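Structure first, then comments.
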There are 2 protein chains.
Amino acid sequence: MSDATTTTTRLRDELRRRGQRVTPQRLAINAVVESLGRRHVTVDEVFALASDRVPGISLPTVYATLDLLEDVGLLRRVATEGGAAVFDTRTDAHHHVACRRCGAIVDIDATVDSAELLRAAESMGFIPDDTQVVVRGVCAVCAATPRAA
Amino acid sequence: MSDATTTTTRLRDELRRRGQRVTPQRLAINAVVESLGRRHVTVDEVFALASDRVPGISLPTVYATLDLLEDVGLLRRVATEGGAAVFDTRTDAHHHVACRRCGAIVDIDATVDSAELLRAAESMGFIPDDTQVVVRGVCAVCAATPRAA
DNA sequence: CTGGATGCAAACTCTTTGCATGCAT
DNA sequence: ATGCATGCAAAGAGTTTGCATCCAG
């Protein structure tokens, strides 16, 4: 059983459950996301790859579908601040380091105890569904670069 | 000794140290940030308030100066994902909860042990300078709202 | 059939850039 | 005097919206 089958099924079921349509575009975008393995993707990237599978697919559809996949839980939006949206095909708990100079975003696998944080959030009536840590700084490559931007 | 005097001095000293200019615009924007107390601000908000102090100040100058204040450490950029930039006048360690529906961003004061995370980042050559946790979910107000957007 | 999804294009928001002027140093 | 910072305006990037058409259910 491939993951592709698994997530396609998950998407199908979830759409039916919501009374939404299972369209070729949605399945194609999910297939693209699936095919990428575990990494970060931009909207443009998905658009380009989805265009190969469904010629004529439009950018607004890609935006809408990525939002949908995030909502379903098949995709996670990375908390970068500003700039282009970045989605993460890894939906399991992990965190990110972002370079202030080159903008690179790299996964960090480390456990962070956010129990107290979540308790605090919940105590104010918040219903959390995603917790991610963003570490900002300068990456190794940029740090090695004299002082250019 | 007011905080205003303190941060104005910090800004002045830092600018001199860098060989950059101490301009009325920079001081005014810093004064605006100072006057707001501890809260979140958008670029437009700062622009409007700074315009009262320095009529004719321009938006590009506000952008540049907010970046400068962030660099100096007098301001922190909130890791929202996409949309308008949000700056935090609180520069001490704390975290945020962001509502997916209304976009509200609220401070969370809770300790999070990010030692392992920082070690992992540093082990890959990263030089971290800011760590913030973003909890996404639905706020109390939106959760109470039937199902509208 | 019927309504939600799509494609297209345009609009919109936020942010950055280029250049001439001005002012801090 | 010197050149960085500013103001203005325009461009640029990313995202969203409106509407007619189309197709999944």
Side-chain angles (χ1 to χ4, degrees), chain A residues 8 11-30 32 40-48 50-51 53-72 75 77-87 100-101 103 105 149, chain B residues 8 11-30 32 40-48 50-51 53-72 75 77-87 100-101 103 147 149:
Chain A
T8 297
L11 180 56
R12 281 198 134 94
D13 292 350
E14 186 60 25
L15 286 171
R16 287 218 183 88
R17 202 182 62 70
R18 300 174 177 211
Q20 289 184 293
R21 294 190 190 163
V22 177
T23 66
Q25 290 87 348
R26 287 173 170 172
L27 294 176
I29 290 171
N30 181 57
V32 164
H40 304 141
V41 272
T42 61
V43 176
D44 284 337
E45 232 171 328
V46 173
F47 176 56
S51 294
R53 300 183 183 234
V54 182
I57 196 171
S58 70
L59 204 42
T61 297
V62 175
Y63 274 98
T65 305
L66 291 179
D67 282 347
L68 171 69
L69 293 183
E70 186 198 3
D71 204 50
V72 171
L75 218 44
R77 197 181 285 255
V78 180
T80 61
E81 86 292 308
V86 175
F87 289 88
R100 290 185 189 276
R101 295 210 195 144
I105 298 171
Chain B
T8 297
L11 179 56
R12 281 199 134 93
D13 292 349
E14 186 60 24
L15 286 171
R16 289 219 181 87
R17 200 183 64 70
R18 301 176 176 210
Q20 289 184 289
R21 294 190 187 161
V22 177
T23 65
Q25 289 87 348
R26 287 174 170 172
L27 294 176
I29 290 172
N30 181 57
V32 164
H40 303 143
V41 272
T42 62
V43 177
D44 283 337
E45 231 173 327
V46 174
F47 176 57
S51 294
R53 300 183 184 235
V54 182
I57 196 171
S58 70
L59 202 44
T61 297
V62 175
Y63 273 98
T65 305
L66 291 179
D67 282 347
L68 172 69
L69 293 183
E70 185 198 4
D71 204 49
V72 172
L75 217 45
R77 198 181 283 256
V78 181
T80 60
E81 85 294 306
V86 175
F87 288 89
R100 290 185 188 274
R101 296 210 195 144
R147 62 175 53 222

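Order of the sequence lines fixes the chain letters, A, B, ..., with proteins taken first and strands second; residue numbering starts at 1 for each chain. Keep in mind that what you see is a predicted model, and the values were worked out from it rather than measured.
If you take CZ of B/Arg77 and P of C/dC14, they are 14 Å apart, rounded to a whole angstrom. Between the P atom of C/dA9 and the CG atom of A/Leu59 lies a distance of 13 Å, rounded to the nearest Å. Protein atom CZ of B/Phe47 is 15 Å distant from nucleotide atom P of C/dT16, rounded to whole Å. Atom-to-atom, CG of B/Asp67 to P of D/dT6 comes out at 12 Å; the value is rounded to the nearest Å.
Taking all atoms of both residues into account, the shortest heavy-atom contact from A/Ile57 to A/Ser51 is CG2-OG, 3.7 Å.
Among the protein residues, B/Arg26 comes within range of the sugar-phosphate backbone only, with heavy atoms under 4.0 Å from sugar or phosphate atoms but none that close to a base. At the heavy-atom level, A/Pro60 lies under 4.0 Å from base atoms of the strands shown. A/Pro24 comes within 4.0 angstrom of the backbone, heavy atoms only, and of no base. Using a 4.0 Å heavy-atom distance criterion, A/Ala85 is classed as a sugar-phosphate-only contact.
Taking side-chain N and O atoms only, A/Ser58 has no distance below 4.0 Å to OP1 or OP2 of C/dC8. Put simply, A/Gln25 has a side-chain N or O that comes within less than 4.0 Å of OP1 or OP2 on C/dG7. Proximity of B/Thr23 to the phosphate of D/dT6: a side-chain N or O atom is located under 4.0 Å from OP1 or OP2. Residue B/Thr61 places at least one side-chain N or O under 4.0 Å from the OP1 or OP2 atom of D/dG7. Between D/dA5 and B/Gln20, a contact under 4.0 Å exists linking OP1 or OP2 to a side-chain N or O.
Sequence order on DNA chain C of the closest nucleotides to B/Val22 and B/Tyr63 puts B/Tyr63 first from the 5' end. Between A/Gly19 and B/Arg21, the residue anchored closer to the 5' end of DNA chain C is A/Gly19, taking for each the nucleotide with the nearest heavy atom.
Rounded to the nearest 0.5 angstrom, B/Leu68 CG and B/Glu14 CD are separated by 8.5 Å.
Salt-bridge check for B/Arg100 with A/Asp71: failed, with every basic side-chain N at 4.0 Å or more from each acidic carboxylate O.
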